[in-house]
Amino acid sequence: MSSADRTETSHRYTAALAADLEARWQERWAAEGTFEAPNPVGDLAGDGELPESTYYLMDMFPYPSGAGLHVGHPLGYIATDVVGRHQRMRGRNVLHTLGYDAFGLPAELHAIQTGEHPRANTLANIANMRRQLRRLGLGHDQRRSFATIDPEFVRWTQWIFLQIFESWYDEEAGRARPISELREKLGTDDPAVIDPYRLAYVSESPVNWCPALGTVLSNEEVTAEGRSERGNFPVFQRNLRQWQMRITAYADRLLDDLDRVDWPEPVKLMQRNWIGRSHGAEVDFDVPAVENASIRVFTTRPDTLFGATYMVLAPEHELVDAIVTDAWPDGTDPRWTAGAASPTEAVADYRHAAARKTDVERQENKDKTGVFTGAFAVNPVNGEQVPVFVADYVLVGYGTGAIMAVPAHDERDFEFATAFGLPTPRVVTGGSAGEEGELPWTGEGVATASSNDEVSLDGLPVAEAKARIIEWLEQKGRGTGTTTYRLRDWLFSRQRYWGEPFPIVFDEDGHPHAVPDHLLPVELPDVPDYSPRTFEPDDVTSEPEPPLGRAHDWLEVELDLGDGPRRYRRDTNTMPNWAGSSWYQLRYLDPHNAEVLVDPANEAYWMGPTEAKRTGGVDLYVGGVEHAVLHLLYARFWHKVLFDLGHVSSEEPFHRLFNQGYIQAYAYTDARGTYVPADEVVEHVGDDGATTYTYDGAPVAREYGKMGKSLKNVVTPDEMYDEYGADTFRVYEMSMGPLDQSRPWETRAVVGSQRFLQRVWRLVVDEESGKVRADDAELDRATLQVLHRTIDGVSADMDGLRFNTAIAKLIELTNHLTKGSVTSRAALEPLVLMLAPFAPHLAEELWSRLGHDTTVTYVPFPQPDPSHLVADTVTCVVQVQGKVRAKLDVAPDASDEVLTELALAEENVQRAIDGREVRKVIVRAPKLVNIVV
RNA sequence: GCCGGGUUGGCGGAAUGGUAGACGCGACGGUCUCAAAAACCGUUGUCCGCGAGGGCGUGCGGGUUCGAGUCCCGCACCCGGCACCA
């Protein structure tokens, strides 16, 4: 750029000018505390009157990655900032800030590689992320930001853990209660009796052990393929002593309260499926050969009991050893024996093989396998002896770990029965072919061949048959109606270093004790080596050895817990990544409170239940759909525990949830399959409309997906700041499309947003002189109408988070003003105000140049004047047979008759009617006339 | 396999059952300029036509309706979740 050019356009809204004014306004916001939201009480209470109307706005907790941000990351942050700024202009007290979910594996892996303490690396990453985000001009209350690794935050995470540890779930009351009340109720303080009731408990239970990572994983962290979500290593089922969270106690409330929150339906559905409540019955089948042995099964189809022809126990089922026999009964089908000499041997081999399999291997082979135990059980409804098998298609963790098999009415049982030559008697008629229909039949129908001396289900539809047989079973003491859940308790131990230590010590009997409150937080000791011991990925027999196990001085501790000083041993595990994010919504409210995790007055003010949100909670929570079950379920669970214990007044953490889409990007590979720099690829559109791409003259293939360094398609916010400024970047991201949709990034299109802001700038500021052009002229009618229609439309779009169409309307207004050279304040000021949520720096600057000396942040958002929303004339479309044949300019209040007359007078309409008889005229005054011939 | 979501110009996307393609990118033409860039103005679904105008057009096939991108039925493809859950 020559110097002559620079002087000519020295007051043009360029990237340099934007950078300059953005920096100035950011400094002023910080200096004036513009976005600091006052609390009712505590250190963040304000001086003035507390606004009545509040808006609590949250982004999902980011992990401070070392890689830095790309342009996709800020999408949600910009959107919430737009919402927050708009709500402030609507007079609400807006709480919006951002903290960091800073424990996690990447920092630990970095520490293992470099020897640098994960805290140092994490803090550096946070600082870098803060810097990148600061340039965006987000209206955050910085006083409320924190990181989960801050000792003050860890203290409260541990405190909440102890609250859960010191609680039990009272099924009758339907809520958690302090464990002290259980001791009173049961009249004992024997830990062997009390501890199994705790909501946080240690148990020897089957867990997902991942030798390659050296840690156990929660069910949620294991993929459908039975591998670790992180690293994709094999995962094995092992019985280990681990911390569990009794989330299953909350299954009903977690499920039912989904109806009371404002969440996207797909997310609710995912949670419903994950919790997986199903109603059915537990039924006891006696095993006569073994004294007092009875197999309890769970079934959702007790109405098919008469069709049960065999039973299956999961390989891990505890009754297997008790019932397995020494010799095959006479005439045992060879398919049932797996070629073994005896049931004992066959079962042992089968169980051994099953234990060696990962879940993926169990699932890969959908062919049914299993062996006969040699034992028979008695079907309680008809006294028939049915063989008992062990098979891995029955899972130990669901229901009772045992099933009655009804091959005629269950696909899996049918497959097994077919493979093992078992009978498949029909007990439900149904399907197109009724009595003769294909098996298995799992749909609706009517019970048949289902009666004994005391009860008959014959002729009853499924639901009634279920109720009848459950009634009979309960009467006979052979079973009961029950509900089961797919949801399991939450495995809460990780064999890692970089997480919250458990505030627990174990006595010599192995009983856990809470670390006294005044000793919190329990901080991580320094260790020589940050990694857990890892093993060969398929080493099934390996045992967890966490890094904290090597901190011997820290591990052994002498404490006085009430009965004199004693030696205790700390827990060598740490909490999983999800701990901090399960309650951080509460700490933003009162981040520095040293007495309580949040003052009740502050919690009630921001999150308490109201008419509009009965459950209470955050007003708007924005983040990716990938957290649909994990984080959102855990956070709801903890929040409900805290609610039960009286620490919070809200029943749900997040009242309204919004899933943003992602910004994706194209990547290009050359002939060798190597990624080439995406920003150097040239696009060609052929004569046939086909698009091709070349790099360095050679054709390349395009793929669509994430942005990533290895894909050579990363575009960073810093590049956008340099080339266009933060406001242009913000406007572009918000105008790309609806917030909940994913879309491809296109750097080349960003200029459109810059041109828009330049036009707005030019309306207010003379590019040559830098003088303000605004005058006090009155607006002409047309402009008034465009202006107020825009205000009206933008307001509606803002409420619906339709920022792309809101911006489109602002562009239309701007183009109207530009075309008519309108420079009246009466139009410019509302435009600047409406633009303020999207381009806050530019808006502040123009607002200030228009002669105002306060920030635009709290200036009321423009209101439409209804008298200007009515147009002088509207376009009336005239259709013949539903096809548009003419358009009329008519008064908005034109009558049906007038419209019909005008329509029929149109030459083109007459031509379309072509002399045919007009049978009917449909008029939707004043917009439409449709003539039917 | 089951459950969700989607499919509209060259591209991103707009459209309470009532003018399909707002707004933006790109492309083309113009103004300004010695020239170029920037900016500004105009054109831009497609086919036929000098034009007036007309035909076709929202993944595919049916249906409801005066009228369907929108509602209903069936199908294809893409994305996401779950997946032997009794």
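This is a predicted model, so every value here is computed, not measured. First the proteins, then the strands, lettered A, B, ... as listed; each starts at 1.
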A:R426 side chain to A:V428 backbone, donor-acceptor under 3.5 Å
yes
Is it the case that the side chain of A:D797 and the backbone of A:N804 share a donor-acceptor pair, with hydrogens and angles ignored and the cut-off at 3.5 Å?
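Between the backbone of A:N804 and the side chain of A:D797 there is no qualifying donor-acceptor contact (under 3.5 Å).
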What is the distance, rounded to the nearest whole Å, between atom [atom1] of [X] and atom [atom2] of [N]?
{"X": "A:E746", "N": "B:C25", "atom1": "CD", "atom2": "P", "value": "11 Å"}
{"X": "A:F756", "N": "B:A39", "atom1": "CZ", "atom2": "P", "value": "15 Å"}
{"X": "A:N659", "N": "B:C79", "atom1": "CG", "atom2": "C1'", "value": "15 Å"}
{"X": "A:Q664", "N": "B:G12", "atom1": "CD", "atom2": "P", "value": "13 Å"}
{"X": "A:R759", "N": "B:G24", "atom1": "CZ", "atom2": "C1'", "value": "10 Å"}
{"X": "A:K819", "N": "B:A39", "atom1": "NZ", "atom2": "C1'", "value": "15 Å"}
{"X": "A:K809", "N": "B:C23", "atom1": "NZ", "atom2": "P", "value": "12 Å"}

Ignoring hydrogens and angles, are the base of B:C84 and the side chain of A:K368 linked by a donor-acceptor pair under 3.5 Å?
yes
Taking atom types as they are modelled, is there a donor-acceptor pair under 3.5 Å from the base of B:G18 to the side chain of A:R924?
yes
For A:W274, is the NZ or CZ atom of A:R486 found under 6.0 angstrom from the centre of its six-membered ring and inside 45 degrees of the ring axis?
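Cation-pi check for A:R486 and A:W274: passes.
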Any [X] side-chain N or O less than 4.0 Å from OP1/OP2 of [N]:
{"X": "A:Q879", "N": "B:U19", "answer": "no"}
{"X": "A:R802", "N": "B:C23", "answer": "no"}
{"X": "A:R486", "N": "B:A86", "answer": "no"}

Distance check, [atom1] atoms only: [N] and [M], in whole angstrom units.
{"N": "B:G63", "M": "B:A52", "atom1": "P", "answer": "36 Å"}
{"N": "B:U19", "M": "B:G69", "atom1": "P", "answer": "10 Å"}
{"N": "B:C48", "M": "B:C32", "atom1": "P", "answer": "35 Å"}

Tell me whether the rings of A:Y666 and A:Y668 are parallel (<30°), tilted (30 to 60°) or perpendicular (>60°).
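Answer is tilted, since the angle falls between 30° and 60°.
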Need to verify one output field. Residue with the more 5' nearest nucleotide on RNA chain B, A:L928 or A:K920?
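Nearest nucleotide further toward 5': that of A:L928.
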Watson-Crick and G-U pairing of RNA chain B, under 3.5 Å, as dot-bracket with | and [ ]:
(((((((..(((.....[....)))((((((.......))))))((((....))))..(((((..]....))))))))))))....
Indicate, with a heavy-atom threshold strictly under 4.0 Å, whether [X] touches base, sugar-phosphate, or nothing.
{"X": "A:Q741", "result": "sugar-phosphate"}
{"X": "A:R277", "result": "nothing"}
{"X": "A:T484", "result": "nothing"}

Which nucleotide in B:G53, B:C66, B:C41 has an atom nearest any side-chain atom of A:T818
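Between B:G53, B:C66, B:C41, the one nearest the side chain of A:T818 would be B:C41.
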Stretch residues 810-817 of chain A: residues that reach within less than 4.0 Å of RNA chain B through a heavy atom
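Close to the strand are A:I811, A:E812, A:N815.
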Between [X] and [Y]: side-chain donor-acceptor atoms closer than 3.5 Å:
{"X": "A:Y693", "Y": "A:R702", "result": "yes"}
{"X": "A:S753", "Y": "A:Y724", "result": "no"}
{"X": "A:H409", "Y": "A:T304", "result": "no"}

Do the ring centers of A:Y310 and A:F420 come within less than 6.0 Å of each other?
no
Could you check whether A:Y732 and A:W745 have their ring centres less than 6.0 Å apart?
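Under 6.0 Å, so yes.
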